[in-house]
> 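Would you mind keeping the following structure in view while I ask a few things?
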Number of protein chains: 2
Amino acid sequence: MTVSRVLNNKGEISETTRTHVLNVMRDLGYRPNRIARSLATARTLKIGIVVPSISSAYFGSVLEGAERIFGDSGYHMLLCNTAQNTKREYAILELFEEDRVDGVIVLSSHMPQDELTLYLSKQRAAVVLNSDVEAGIAGHVMTNERNSMSLAVNHLLKSGRRHLGYVGHDVPSYAGRERQRSFVATVEEAGLSSCANRMISCDRRDGHMTARQLLERAPEIDGLVCFNDEIAAGALRACLDLGRRVPDDVAVIGYDDIFLAKLLTPSLTTLRLERTKQEVGALVARMLLERIEGSPTQDEVMINHELVVRESAP
Amino acid sequence: MTVSRVLNNKGEISETTRTHVLNVMRDLGYRPNRIARSLATARTLKIGIVVPSISSAYFGSVLEGAERIFGDSGYHMLLCNTAQNTKREYAILELFEEDRVDGVIVLSSHMPQDELTLYLSKQRAAVVLNSDVEAGIAGHVMTNERNSMSLAVNHLLKSGRRHLGYVGHDVPSYAGRERQRSFVATVEEAGLSSCANRMISCDRRDGHMTARQLLERAPEIDGLVCFNDEIAAGALRACLDLGRRVPDDVAVIGYDDIFLAKLLTPSLTTLRLERTKQEVGALVARMLLERIEGSPTQDEVMINHELVVRESAP
DNA sequence: CTGTTAGCGCTTTCAG
DNA sequence: CTGAAAGCGCTAACAG
């Protein structure tokens, strides 16, 4: 049909018919049917996104950054929440295949490497953030957790803390594993006594109660690193409950520098990515777009954290 | 084709051919093509969602609740962020028409009523949350702002505050308008002196600076209501800057009861919906599903707030 | 119970 | 430059 030609302004068309078509389209309130177009072209302009939790301040910001890039390129995001449920993660990835999405983004997957590799290898293009997947299958953005934890622990050591504790996140994930492992390793390297009984983990909503348990069980703790800022905020409150002054008795460090971190009292010392969360989202989105177009310029990007020193651990 | 029949388990099929088909499908790694199916059936199983800001703690939770319902019913969410940009809101709604989504959800629209009505009338089904749209066009969930603000103001009055201030949100929205209007009205009804020069508004990220400005300009303020908890957290911090004790010198009340509200110091008194944000999302989703199926049971739901009294305004 | 046929609304190729 | 025709992978209606 000629109409198709004017819609996509390709091929040669006389200006007269062109404007005529445009007028008729307007008068009829015509809207092209994108799904018919997708069937014909085998491109959907849809990106499937798998996220463990939409309501998290961290993922929300990352998604916002990605959405901007996709929106500008005419792509739409199909967003699915795994609610930390691995079974659901499988199901979603399969549905994305049926949807013939042009690409997939997986944020902080809970799947084991071999499974994720298998599922992503069936997708047209994929980029993951902080997830374990075989090289070559997907673009890979990850955070340098060895480095970040070392910044945190050494900062505490420098201010004279000797009894460090860690409150982790109780779901399987790349960052969760790496932070915990790095905490243990860094503390050992410093030649401190074992911290094995000063570690605990919890759901992201349970920082308050869990930190409190930990501080009661190990009252010698004078420095606490938490998996993220929500948990750290709970820890701050737990210290208040127990009459432990922050930072005098216990110093607290979180992760992510969420918007409210600086507004807490005491304001929260935290590890912030060297790029904003929006930029990370944008980066992931751009990497995916490159892969969709078949011209990936980079397969792996590692992002460092920097320490934002505030009142809770000066 | 018979294959279609087994996929949708409809029509009568012998068990033998059925399992045979299933086996072949598995061996070939076959995935049905949902876009072809959509073309044929004129149903996409896609829901378009328009949200002012994905990264907000409030919308994130609402979306999470909606996603659960949609996921359970086989629907996927197409999520688009307006970034508070009305032009983008138009564009998104038009793209959703082209995507032939089965329904649309609009959260806290910035569009004027007539425009939103026009755009939504072209959609197959629509539900809005806190947005102005003509009756009959879309399902409507809204919060009772007259009531919520009255709870806040009267709570402050009861504790002896007489110089009330308000920090609003500087984008056009139903809740923004209604809260501000209700604040003025409620204060007037109480017979207090005008609060006109004790009001200010700001971006959701600027609560700290803006509250500080306000408190410097109107140092008599002894009670402050804020449009949301992020802004209120900034106000708490502004009080600290200025040496105003909370709640002794100034009482502060926020809105939404975001997760961190109870972890702030002092913990934040806030207005919380009678249903959780997840439930509100689920409600909106269910209302849309009913409309898609053509059997809406309710056109309008009004939700009240309740006051959660914490340390910042006891 | 199972095979055949005609579209769904577009793009693409090939003639005119 | 503009029509006509085939086909994307499915569903639905109709025969067998």
Side-chain angles (χ1 to χ4, degrees), chain A residues 1-46 48 73-76 78 93-103 122-125 292-294, chain B residues 1-48 73-76 78 94-103 122-125 292-294:
Chain A
M1 186 80 139
T2 334
V3 176
S4 170
R5 282 191 262 266
V6 14
L7 275 178
N8 303 298
N9 6 276
K10 69 165 60 163
E12 316 288 289
I13 312 162
S14 71
E15 198 48 42
T16 48
T17 45
R18 171 195 202 71
T19 53
H20 176 239
V21 169
L22 254 21
N23 283 335
V24 175
M25 273 177 30
R26 192 169 26 69
D27 295 350
L28 265 48
Y30 165 84
R31 292 257 173 246
N33 183 324
R34 279 184 158 222
I35 76 163
R37 170 198 289 233
S38 295
L39 222 215
T41 58
R43 300 189 83 243
T44 53
L45 294 176
K46 302 274 176 290
S73 318
Y75 285 84
H76 277 178
L78 277 171
L93 255 9
E94 286 180 352
L95 280 176
F96 283 163
E97 288 179 49
E98 303 188 358
D99 280 329
R100 301 298 192 269
V101 295
D102 289 338
K122 293 186 195 146
Q123 301 287 348
R124 306 241 265 267
I292 288 173
E293 278 144 23
Chain B
M1 186 82 139
T2 334
V3 176
S4 171
R5 281 192 262 266
V6 13
L7 275 179
N8 304 298
N9 9 273
K10 68 165 61 161
E12 318 287 290
I13 313 162
S14 71
E15 198 47 43
T16 47
T17 46
R18 171 195 202 73
T19 52
H20 176 238
V21 169
L22 255 20
N23 283 335
V24 175
M25 273 179 28
R26 191 168 28 67
D27 295 349
L28 265 47
Y30 166 84
R31 293 256 173 247
N33 183 325
R34 280 185 158 223
I35 77 163
R37 169 199 289 232
S38 295
L39 222 215
T41 58
R43 300 189 84 241
T44 53
L45 294 176
K46 301 273 176 291
I47 305 295
S73 316
Y75 285 85
H76 277 179
L78 278 170
E94 287 179 353
L95 280 175
F96 283 163
E97 287 180 50
E98 303 188 359
D99 280 328
R100 300 298 191 267
V101 295
D102 289 339
K122 292 185 196 148
Q123 302 286 348
R124 306 242 265 267
I292 289 172
E293 277 144 24

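Residue numbering restarts at 1 for every chain, and letters A, B, ... go by the order of the sequence lines.
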> Among D/dC10, C/dG9, D/dA12, which is the nearest nucleotide to the side chain of B/Thr41?
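The answer is D/dA12.
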> Would you kindly give the CZ-to-P distance between A/Arg37 and C/dC10, to the nearest whole Å?
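Answer to the nearest Å: 9 Å.
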> Taking atom C1' of C/dG9 as reference, at what distance in whole Å does atom CZ of B/Arg100 sit?
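About 9 Å, once rounded to whole Å.
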> Return the value, rounded to whole Å, for the distance between atom CZ of B/Arg31 and atom C1' of D/dG9.
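From B/Arg31 CZ to D/dG9 C1': 16 Å.
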> What bend angle does the helix from C/dC1-D/dG16 to C/dG16-D/dC1 show across its length, from five-pair end axes and to the nearest 10 degrees?
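Computed angle between terminal axes is 40°.
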> Restricting to side chain to side chain donor-acceptor pair (under 3.5 Å), what partner residues turn up for B/Glu97, sequence neighbours left out?
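Checked B/Glu97 against side chain to side chain donor-acceptor pair (under 3.5 Å); matches are A/Arg31.
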> Quick one: pull up CD1 in A/Ile35 and CD1 in B/Ile35 and give me the separation to the nearest 0.5 Å.
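If I round to the nearest 0.5 Å, the distance is 7.0 Å.
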> What is the distance, rounded to the nearest whole Å, between atom CG of A/Asp99 and atom P of D/dC8?
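A/Asp99 atom CG is separated from D/dC8 atom P by 21 Å.
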> Atom CG of B/Asp102 and atom OG of B/Ser73: how far apart are they, to the nearest 0.5 Å?
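Between atom CG of B/Asp102 and atom OG of B/Ser73 there are 11.5 Å.
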> Provide, to the nearest angstrom, the distance between the CD atom belonging to B/Glu97 and the P atom belonging to C/dG9.
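From B/Glu97 CD to C/dG9 P: 16 Å.
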> Which distance, rounded to the nearest 0.5 Å, do you find between the CZ of A/Arg124 and the OG1 of A/Thr44?
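OG1 of A/Thr44 is found 6.0 Å from CZ of A/Arg124.
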> Would you sort out whether A/Leu78 and B/Leu78 count as a side-chain contact (heavy atoms from CB on, under 4.5 Å), showing the intermediate values?
CA-CA 5 Å; A/Leu78 277 171; B/Leu78 278 170; 3.8 Å; yes
> I need the CZ-P distance between A/Arg34 and C/dC10, as an integer number of Å.
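The answer, rounded to whole Å, is 13 Å.
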> Could you measure the distance from the CG atom of A/Asn33 to the CZ atom of B/Arg100? Nearest 0.5 Å is fine.
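Answer for the CG-CZ pair, A/Asn33 versus B/Arg100, is 4.0 Å.
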> Nearest whole angstrom, please: distance from the P of D/dG9 to the CZ of B/Arg43.
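It works out to 23 Å between those atoms.
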> Starting at CG of A/Leu39 and ending at C1' of D/dA6, how long is that distance when rounded to a whole Å?
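Result: 14 Å.
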